[in-house]
Amino acid sequence: MMIPAIGTNSDDLTQAQSDALGEALLALFRAQARAYTLGDSDSLPLGTANELMASLLYTLDVHPAQPESFRPLIGRDLQALYRGALRRLEEKQRRALALAQSLCLSTPDYGCIALRDTLHSIQSALPGYDARFFAHRIPGEIDYQLAEPVPESLLGVDYILEYLLRLRAELRFLSCFYLPRVLALLSGAQAEWRELVSNLYLPVAANALGLSLLGENPRRLHVRREERRTLLALLAPLHPLDAQNQMERACPGLLAALDLREPRDAQALRALCRDLAPRAACAAASGDLSGVFPSFGMPERA
Amino acid sequence: MLFPAPRLPDGALEAINRRTASFGLALTPAQAAALQRREQHALAQTGRVAFGGSALPRLAEAFSDSPFIQRDAWSENLGELTQLFYALKNETADALSDDELAARMAQAFNGPAQGDLTAMTDAFFMQADDREASDDDSGDWDEF
């Protein structure tokens, strides 16, 4: 395995350090491979070998594309480092599983197939998460898209944990509203929302924010036609960045009105503003905000 | 990601030659070096990585007592057997341990293949079929 030598600064990894670290990592890899094959084989398919190495590097939190990430390993007992890192991954696995189980139990039935299937998939897959040999693999099938996606730089249980934490914040926001109003708004936003992988938080948070901008009760969720005209007049003259600033200034009031105090609640709402402002600006330019701040849809007939 | 080539550790060639001496078989250092290059080539061809050392000592031990091995073809035979070894590791989906695979290769070579390396693969799987038909207790290698 090649450990890249870093630059020319005096604090950088020298070739000798790089070679020593490479040997130490290979020794750790050999031990992993031996454990994986139960000592029965001295060779592996290349694909499997690469997976085992990727798992090892992820567990040790080093990234081949970032040479500086190897520096904390210099002169350290890699076996001991690895054992500690493995215990931390297993602890994250337990946290993620508890969170997934909690969300499965507490999430109302919005009727969204993607959300339901994703939660159940994660809950089912987490007990089988292989932190020892394939730690970098993401357990579960994720169909339901978050309003603010998890960075793809995250892997394995870190990805799932971050996904669940962001999902929990979104679902906590949704739980502030009367369920029939949420369902009515979703139907107004997109008729086939139950079958699609569309995010539920976005239209609900957008309307709540829009009503907050107008000084109206955000829990109403329904934006009337005349209120959309007022929003159009408010947002159309603004540069998207100014619109974003205006929306972000409304966030603390909205969060207080909904009694949401967690940092992730504010983070999700700020991310919404970054997403919403350019869409609103573009829609405002065409004179129609009905796709950004929708009204309630017609209820489904029995 | 580059994995280093397998190599015979110091003293391994002498150990191999000691074990095969009673059968009149020996490898020169040049032959051993050529075999290691051939092994690296076999690994690359079969898309495998060696992490625990060379397969040569194991194969030398398994085949040195074969009545079909000729002294002057020992090095060449080992080279072909190494290629076959890694190919069979893939074809059996790593279901057999290295020791078990080498042993069964030797059984096939000395049995149905009658010393013909070109017939080894067929002989190996024919032997497996016979084993399955006779309900041999082979652990989880049921398919082979």
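Quick note on labels: first sequence line is chain A, next is B, and so on, each numbered from 1. Note: hydrogens, waters and symmetry copies are ignored here, and every other heavy atom, side chains too, is used.
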Are there more than 12 heavy atoms of other residues, nucleotides or ligands under 6.0 Å from atom [atom1] of [X]?
{"X": "Tyr36(A)", "atom1": "OH", "answer": "no"}
{"X": "Arg116(A)", "atom1": "CZ", "answer": "yes"}
{"X": "His41(B)", "atom1": "NE2", "answer": "no"}
{"X": "Gln101(A)", "atom1": "CD", "answer": "yes"}

Self-check item: Leu101(B) side, atom CG; Asp40(A) side, atom CG - distance, nearest 0.5 Å
Solution: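 One gets 11.5 Å once the value is rounded to the nearest 0.5 Å.
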Between the CZ atom in Arg48(B) and the CG atom in Leu46(A), the distance rounded to the nearest 0.5 Å is 10.5 Å
Between Asp42(A) and Asp98(B), what is the shortest heavy-atom contact and its length?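 Taking every non-hydrogen atom into account, N-OD2, 2.7 Å.
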| task | Identify the heavy atoms of Ser43(A) and Leu43(B) that sit nearest to each other, and give their distance. | result |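 Looks like CB-CD2, 4.5 Å.
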Cut-off 4.5 Å, heavy atoms of chain B, and the answer for Thr48(A) is neither
- Message: Between Lys89(B) and Ser41(A), is there a side-chain donor-acceptor contact under 3.5 Å, judged purely by atom types and distance?
- Response: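 A donor-acceptor contact under 3.5 Å links the two side chains.
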Should Thr37(A) and Phe51(B) count as side-chain neighbours, where that means a heavy-atom distance under 4.5 Å?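 Contact flag for Thr37(A)/Phe51(B) side chains = yes.
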